[in-house]
Amino acid sequence: MLILPQHLVRQPAGHILVDGQVVADTLQCVHCGAHWVVRPGSRRRRGWCLRCGGPTCGQPECDACRPMEQQLERMERGE
Amino acid sequence: MGRCYCGYGAAAVGGNKTILTLIGATTIRPALYDVIVGCGATPGDQAAVFVVQRFTAVGTEGNGFTPVALDPGDPASLADCGVGTFTVEPTYTSNAIVLPFSLNQRAPWRWVAAPGGRIYAPAIANNGLGLKSISASGTAVHEAGFHWEE
């Protein structure tokens with residue numbers, strides 16, 4: 001079976017289509033909500049939150065567990 | 001599923017040029033699930049880098065756009081849209097890029113959220129998500145569309 005780059009994510013959070021064809025999948029950070037394209041071998045630092053049970057984007061701000069819902073609520077409170 | 005709406009805008013790309021914004025309200029967190037970008041200008045081999053980023057102030061839009069309900073039976077959207085060319089750019093939050101991508105002018109580009117992958121804007125007036133080019137090798141007008149759920 002031919003493994004294509006768009007098949008590398010088991011549970012994608014998004015899909016990128018160019019000319020109507022899926023060319024890549026994205027994952028979403030469970031803390032900040034950002035999406036990124038998975039590129040194996042890119043050496044980009046990503047993480048995993050054991051509490052939220054999902055990937056994190058690798059930004060230092062997302063290393064500590066602050067779930068997306070909590071961050072949205074903090075924004076809405078003006079913090 | 002909630003109510004779905006769409007917004008559309010067009011603007012020339014360049015350094016930090018906003019094309020389209022999704023503006024939240026205190027009464028709703030719009031959830032972005034579809035982003036479409038393309039260029040209807042004369043085809044050319046130009047490239048641009050785009051981001052969808054959170055902002056905290058709407059700036060001064062070129063035009064407003066009344067969101068269109070995908071179901072004609074739905075009420076008017078609580079969120080709003082702003083369309084380029086912005087005379088004053090929105091105030092973007094640093095380190096709050098939620099969707100970065102690069103695009104060749106010749107190819108249309110689309111991002112669709114999988115279930116559970118939507119991008120939420122906070123329920124704050126004049127806060128939201130903006131699609132902007134952060135750099136471009138050309139200045140062609142690009143069109144963009146948002147689909148979101150409320």
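Residue numbering restarts at 1 for every chain, and letters A, B, ... go by the order of the sequence lines. Given the structure is predicted, the values throughout are model-derived calculations rather than measurements.
- Note on A107(B), A113(B), A123(B): by heavy-atom pairs under 4.5 Å with chain A, the leading option is A123(B).
- The shortest heavy-atom contact between P12(A) and A114(B) is O-CB, 3.2 Å.
- There is a path of hydrophobic side-chain contacts, each under 4.5 Å, that joins V68(B) to L32(B).
- Using a 4.5 Å heavy-atom cut-off against chain A, the contacting residues of residues 88-99 of chain B are N95(B), I97(B), V98(B), L99(B).
- Of the atoms belonging to R118(B), it is backbone heavy atoms, and not side-chain ones, that fall under 4.5 Å from chain A.
- One N or O on the side chain of H35(A) and one on the backbone of G117(B) form a donor-acceptor pair closer than 3.5 Å.
- How far OG1 of T26(A) is from CD1 of I119(B): 8.0 Å, rounded to the nearest 0.5 Å.
- The hydrophobic clustering, which links ILVMFWY residues whose side-chain heavy atoms are closer than 4.5 Å, places L20(B) and V58(B) apart.
- Put simply, W36(A) and V9(A) are part of the same group of oily side chains (I, L, V, M, F, W, Y) that touch within less than 4.5 Å, one to the next.
- Side-chain atoms of R110(B) and V18(A), non-hydrogen and from C-beta on, never get closer than 4.5 Å to each other.
- Along residues 63-79 of chain A, the residues that come nearer than 4.5 angstrom to chain B, judged on non-hydrogen atoms, are E69(A), L72(A), E73(A), M75(A), E76(A) in order of number.
- Connection of F50(B) to F55(B) is not established within any shared hydrophobic cluster, with ILVMFWY side chains joined at heavy-atom distances below 4.5 Å, either directly or through further cluster members.
- Put simply, V23(A) and W111(B) are part of the same group of oily side chains (I, L, V, M, F, W, Y) that touch within less than 4.5 Å, one to the next.
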